[in-house]
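In what follows, every chain begins at residue 1, and chains take the letters A, B, ... in the order their sequences are listed. Side chains included, hydrogens not; waters and symmetry mates left out as well; all remaining heavy atoms used. Keep in mind the model is a prediction, meaning the values are calculated, not measured.
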Amino acid sequence: MTGFQAVGTNAKFPELEEGILQFWKDNHIYKQSLELRKDGPSFVFYEGPPTANGLPHPGHCLTRAIKDVFPRYKTMRGYRCLRKAGWDTHGLPVEVEVCKELGIHGKSEIEKYGIEPFIQRCQQSVWRYMQEWERLTERIGFWIDLSEAYVTYHQSYIESIWWSLKSLFDRGLLYRGHKIVWWWAQGGTALSAGEVGQGYREVADPSVYVKFPLEEDPSLSLLVWTTTPWTLPSNQFAAVNPDLTYAICSFPEPTALAAGTDAPSTATSNVNANTPAASVDGSRIIVAQALVQSLSDKLKRPLAIDSLISGSELVGKYYKPPMDYYYGKSKAEVGTLKAGGQQRPSWRIVPADFVTIDSGTGAVHMAPAFGEADYDVLNQQKLLFVDGEAPPLICAVDSEGKFTSDCPDYQGIWVKDADKLIVRRLREEGSLLHFEQYVHDYPFCWRAEADPLIQYPRESWFVRTTQFRDSMLENNSKIRWMPEHIRDGRFGNFLASNVDWALSRERYWGTPLPIWVCEATSKMDAVASYDELLKKPGITGTEVWLKAKAANPELVEDLKVHKPYIDAVTYDSPFSKGSRMTRVTEVIDCWYDSGAMPFAQWGYPHKNHEQFADQFPADFISEAIDQTRGWFYSQLAISTMVFGPTPKALAHSLEQIDAQKPTDAPKQNFVQNTDQGQRDFPHPFKNCIVLGLMLAEWYESKDAKQRFLTEEEAKDACGKDYVSKSGKMSKSLRNYRSPNEIFDRFGADALRWYFYANQPPWNSILYSERAIRDSIPEFLLRLWNVFSFFTIYAEMDGFSGPADISAKLDQLTPEELSQSPTYRPIADRSELDRWMLSEVAAATEDVIAKMDSFDSYGACQVISQLVDSLSNWYVRRSRSRYWSSDKKSTDKIDAYWTLYESLLTISKLIAPFVPFMAESIWQQLTKPVGSQVRTSVHLCDYPTADASIVDRQLGVRMKLLREISSIGRSARMEAKLKVRQPLSRVEVTLADATHQTWLKDHDDIAKEELNVKEIQYSSGSSPYVEYVVQPNLRKLGPRVGSMLPKLKAALAKADGATLLDQMTTNGKISLTLEDANGAKSIDLDGEDILVRLQAKEGWAAAQGHGCVVVLATALTEELIQEGIARDAVRLIQDQRKAVGCDFADRIEIGITTASQAIADAINNHKAFIEGETLATRLDVHVVEALPAEDPALQDLGEYPVLLVIKTVSSSASPKS
RNA sequence: GCGCGCGUAGCUCAGUUGGUUAGAGCGCGUCCCUGAUAAGGACGAGGUCCGUGGUUCGAGUCCACGCGUGCGCACCA
């Protein structure tokens, strides 16, 4: 039979954790934990795949910490929670990284380098930081199955995506469209909305006000405003709002106008009918009436309004564009309108209701090639004309963002560089009315920060997500978002303004779009797997991959479904005999990759049908808020489209699509016929914790030249000349410490607890190193000290807990522990023991309730409170019981069992949160029974609370007792009476007599806490206390309403004690209140009032919420002597420690003093002092005077003494 | 510009359905206790709950507007 081993208080948590990690690894604890629950109900968790081609930072730690705690909790609660890791591997970031490595830039250079070697490098590059990621994952204690991670470039993953895309394609949900996209000209690719959003930056662009002269009167011009002068050569329309009123303005001489009789000196928005002003040069402009004033201010010259004209009257007028590259050639062309008649297609004023008077001139230059709204206008205009006579798209810029030969003046010039040239020319030609710099946000490429994006017409593949807007909103409404406001706020808004998903990317490293086109008919076919492709008739091109593989056997097989190998594969067209089917060149947006993860991680539906059925949808996911439009959206969109019902409007068109297919092609509805069929809402996840962003905190020297991560470092280096900063985490600023350093300094548990217990997870969090450090003593160390206390004494006393149990042991549940012959029923133990175990059980109930509703923050607060109760009340109050010399005393054994059981339960309670410390405590606590019990706390069931143990009333009472002690100490402090000095008496006056009897019965504790001989409780009148009767607003508010202020005043005015007497005698208080309508009487019963106590002035008293504690401060000779004796004990104990005595060493004591009072006190309490200090001899010498300067002199109370102690023997017993 | 958060002590943050004296930790100050001791604890100072207006008997909490701040979104022409 072995016992416990004492554990030191100065634990090095990081080292401890490394040991635990090794233990988990050696014993496959994670695997065992899954195995144990293999028949349990499932709790489905999805890992949002991180990208491993960058180093993990503290934000990833938060995500991983939150992701870990719920699966661990659920597993302990009996659920089977698989945790499949995953890696996001495709996309532009990888390509950019490789380009940097190769020192190349842009698509043409990639193609020069060769797509094949480029792809191979991409595939290798994504694993660059794999080890760091795996190390972080493991070190922080995130239990997830890394060995079977899903990887987005794997063939089976890609084939799942292909299957889903085929399903979309076959249902007509995938289409090729001409759209204005945000185009990265240098990179030669469109960017997704999410990517564009990341790259907005504030820049100053040229802002020009340009005249568009009307053909009917060239001296009259529509004035337009644009910040993209380079789009002017491609001008096609000018738009006005037909509902706005426009003003025709001239430019009067400022002086002439000022001299005018009744003319205003500056522009006016009223028509000046009396003074038809003459423009200096005879020219006039048209602007929105509402903007005349602001325009005049901007131009710093007066504008005179000659007349007004409605927008609708302007519509249809022809104008001459400011730059003539197409106008001169085509101005004479006309097109036939569907409605009859003819019209010039371009350079016409058109109506557009999006034109506003928020800024500019109320007239908008339209270059449909370079603006989405402009493009829509063109499409509307096209509809007006008969086929073939509609306006073409005018575009003077090529896909590299350079002017084409259409525009010889600027041919080959990058559009942004042309701005300056164009502005100069406009000025020279007199069409520029005003120029300024305009500061606004403009998107840049998020990877190549110097490259501005331009809007550009591009052929691209789209997914008809707009058709599913309602379904997605419906699904969204079923998701439990934490915080709640995400649902209707950020995410809901995003869904409501959904636009079709621009899916394709004209890039290289990504999932190839599985669509093959017939070279003759342009008809298309989607392919759901590589095998399906191989079975196509007349297939060729697969040898390209085989050759490459033969030449380099190292190539991973997955590359064969990537560019360029897949592009080589062609087959016979089913649409046109003798023609070939060739794959389109695009790859897809990598957000689609991650969003397909719910099924693609299993390779579904090509395999693993059971796994998918079992693991869809997820019960729980969590990522940071930046994933709203990323993974949260892509998952929802894809699952809704692939597994949800097809909207009615679409179902109709599906029949037409089917009708057009070759006869051997599969019909569209195969998706609906899978073994899954339609799924219940919500999918694909039920609960989602949206994490806040993490900001960094750091310090800088005032000259901003030095940066520090802690205040101490800043102080050391700069004295007071430093400032605190906070902001985005930035690799280049190095304003945060790497997670690894945090682990080495403080440990993973400290970091985890900091994340869980410091704020709700959705709050944005300031990554503060000091806060991480501080979370250690607040919780981890406090618990560890209690644990250490237990082991020290248990070892000393030979308490070995469950070692004497002969029955089978497993998890050391209370039932198992109760088999021990020394374990007494809880009901038989002391109040304190019952209280502690009740607190543990109550906390267990609370933690379970909180965790079941995903409130990890709340759960941590409960746990923290519990540990505080254990440390600062239970152990504090029970210390003497462990010191007792009678090792077999029932009380002592009870104390051990109670503490032991509490620690055991706590180790299980904290296991999901701080898995290392939990494990460490569990293993030490189970040492006496070794291999009989589960080897890891993580293999145990989560504790459940025995309701019969929970005594909430006892909890309330103990809290009151703690409050009385606390208030008493406050009173002592006030009276400057240190606790070592015994007092004769305290009087405690309670506001509420309910608990008085109980307190009286248990006042030993308070007596000892306050070091008093007697405690008197009362709740009646007291000379020290004033009573204040206050209304119970919560009860009375609804009843008396507006009379409440009067009632409040009446109670405040009345004497509290009298009111209370009334209440005691009559059971009610009757008040008469004056109202506007006269007097009104109100009866208050006991529940309508609250009694508050206030200590009267002049007493050593202190007040709390429900009680007042008054000290009897008079000291008798006896009390003083006892105080001295306790001082002496303290002095001797210090000395013992100073000379290195062991716990049990016996000593002899000699005290020399000049004070007879000291000598008398010590002699009168000799036995007490000897007992406390393990002294076998205590001599006091009284001398005339002590040598004043002797450094060995110490203060005993008010007098100096000389203290000598000598170790005489060692003993096994600590106290006797 | 629009949308969504946030704004509470020197700092980092809690604050449940509106309710009486707004809390915690750190830091600071004063002190206590001490064989859990390279720990532990108490007490104190410190608050215009961003501002203004409103609803209400009653607002840190609800509403409106404004200011500051963070994030997201674009018809930023």
Side-chain angles (χ1 to χ4, degrees), chain A residues 9-10 193 196-197 200 205 224-228 231 239 352-356 358-361 363-367 371-374 376 438 440-443 483 485-486 488-494 497 625-626 628-629 692-693 695 697 711 724 728 758-760 762-766 768 770-771 773-775 777-778 781-782 784-790 792-793 857-858 861 864 871-872 875-876 879 883 965-966 969-970 972-974 976 978-980 1030-1038 1040-1048 1090 1092 1102 1105 1130 1133-1134 1136-1137 1141-1143 1214-1215:
Chain A
T9 52
N10 54 344
V196 175
Y200 274 91
D205 268 330
V224 304
W225 174 57
T226 179
T227 54
T228 48
T231 62
D353 47 13
F354 60 79
V355 175
T356 64
D358 293 341
S359 59
T361 63
V364 175
H365 143 67
M366 301 259 102
E372 210 174 325
D374 309 39
D376 291 344
Y438 181 73
H440 66 160
D441 286 332
Y442 194 86
H485 60 76
I486 298 286
D488 297 323
R490 194 166 283 215
F491 197 68
N493 288 341
F494 178 66
S497 60
I625 192 164
D626 55 357
T628 312
R629 334 201 151 227
L693 287 175
L695 300 173
E697 179 193 59
E711 193 163 8
S724 158
K728 270 189 180 172
N758 260 41
Q759 63 278 306
W762 42 82
N763 274 19
S764 69
I765 172 172
L766 201 59
S768 151
R770 198 175 67 182
R773 201 184 50 208
D774 287 348
S775 75
E778 275 168 36
L781 201 56
R782 184 177 287 171
W784 189 261
N785 279 334
V786 174
F787 166 62
S788 161
F789 175 90
F790 169 80
I792 288 169
Y793 282 92
Y857 174 66
Q861 287 181 317
S864 200
S871 170
N872 288 328
V875 170
R876 176 187 167 88
R879 263 191 288 222
W883 294 338
S965 307
S966 159
R969 278 194 293 271
S970 171
R972 289 192 82 115
M973 186 94 166
E974 194 87 355
K976 300 209 185 305
K978 58 189 175 185
V979 180
R980 244 178 276 145
Q1030 292 184 316
N1032 184 350
L1033 297 175
R1034 210 185 275 251
K1035 277 214 80 178
L1036 287 171
V1040 303
S1042 59
M1043 293 290 280
L1044 207 54
K1046 289 208 165 71
L1047 177 65
K1048 238 168 155 176
L1090 296 166
R1092 179 147 290 157
H1105 282 273
R1130 176 85 296 278
Q1133 298 284 35
D1134 275 349
R1136 277 183 66 111
K1137 225 177 342 178
C1141 281
D1142 194 54
F1143 285 94
K1215 302 265 172 178

Interatomic distance where [atom1] belongs to [X] and [atom2] belongs to [N] [whole Å]:
| X | N | atom1 | atom2 | answer |
| --- | --- | --- | --- | --- |
| A:Arg980 | B:rC33 | CZ | P | 4 Å |
| A:Leu781 | B:rA38 | CG | P | 12 Å |
| A:Asp626 | B:rC73 | CG | C1' | 15 Å |
| A:Gln759 | B:rC11 | CD | P | 17 Å |
| A:Leu693 | B:rU69 | CG | P | 18 Å |
| A:Ile792 | B:rA39 | CD1 | P | 15 Å |
| A:Arg969 | B:rG44 | CZ | P | 12 Å |

Across all strands shown, which nucleotide pairs with [N] by Watson-Crick or G-U wobble geometry, both distances under 3.5 Å?
| N | value |
| --- | --- |
| B:rU17 | none |
| B:rA22 | none |
| B:rU48 | none |
| B:rA42 | B:rU30 |
| B:rG58 | none |
| B:rC2 | B:rG72 |

Output yes when at least one side-chain N/O atom of [X] is less than 4.0 Å from OP1 or OP2 of [N], else no.
| X | N | result |
| --- | --- | --- |
| A:Gln1133 | B:rG35 | yes |
| A:Asn872 | B:rG41 | yes |
| A:Arg782 | B:rA39 | no |
| A:Arg1130 | B:rG35 | yes |
| A:Arg972 | B:rA42 | no |
| A:Ser966 | B:rC43 | yes |

Original post:
Considering only heavy atoms from C-beta outward, does the side chain of A:Asn758 approach that of A:Ile765 to under 4.5 Å?
Top reply: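 The answer is no, as the side chains (C-beta and beyond) never meet within the 4.5 Å cut-off.
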
Subject >> Atom pair CZ/CZ of A:Phe789 and A:Arg876 - distance to nearest 0.5 Å >> reply: 12.5 Å

Original post:
Rounded to the nearest 0.5 Å, how far apart are CG of A:Asp488 and CG of A:Asn493?
Top reply: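 Spacing of CG (A:Asp488) from CG (A:Asn493) equals 8.5 Å.
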
Original post:
When you check every protein heavy atom under 4.0 Å of nucleotides 2-8 of chain B, what one-letter string (B, S, -) results, 5' to 3'?
Top reply: -BBS---

If you look at every strand shown and take non-hydrogen atoms under 4.0 Å, does [X] touch a base, only sugar-phosphate, or nothing?
| X | result |
| --- | --- |
| A:Phe787 | nothing |
| A:Pro760 | sugar-phosphate |
| A:Val875 | base |
| A:Ile625 | nothing |
| A:Ser788 | nothing |

How far, in whole Å, is [M] from [N] if one measures between their [atom1] atoms?
| N | M | atom1 | result |
| --- | --- | --- | --- |
| B:rA64 | B:rA59 | C1' | 15 Å |
| B:rC62 | B:rC49 | P | 16 Å |
| B:rC13 | B:rU8 | C1' | 9 Å |
| B:rG40 | B:rG27 | P | 11 Å |
| B:rU12 | B:rC28 | C1' | 16 Å |
| B:rC4 | B:rA74 | P | 16 Å |
| B:rC67 | B:rC33 | C1' | 50 Å |
| B:rU61 | B:rG54 | C1' | 15 Å |

Original post:
Counting N and O atoms only, with roles assigned by atom type, does the side chain of A:Ser788 sit under 3.5 Å from a partner on the main chain of A:Trp784, one being a donor and the other an acceptor?
Top reply: no

Subject >> Over all atoms of both residues, closest heavy-atom pair of A:Val786 and A:Ser871 >> reply: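 In this case the closest contact between A:Val786 and A:Ser871 is CG2-CB, 3.5 Å.
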
Original post:
Between A:His365 and A:Asp374, what is the shortest heavy-atom contact and its length?
Top reply: O-OD2, 3.7 Å

**OP:** Counting heavy atoms from C-beta on, name the nucleotide in B:rA77, B:rA36, B:rG35 closest to the side chain of A:Arg1136.
**Re:** B:rG35

**OP:** Indicate, yes or no, whether a donor-acceptor pair under 3.5 Å links the base of B:rA77 to the side chain of A:Thr231.
**Re:** no

Subject >> Residue closer to the 5' end of RNA chain B, A:Asp374 versus A:Ala771 (nearest nucleotide) >> reply: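 Upstream on the strand: A:Ala771.
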
**OP:** On RNA chain B, check which nucleotide each of A:Phe789 and A:Pro777 is closest to and give me the residue with the more 5' one.
**Re:** A:Phe789

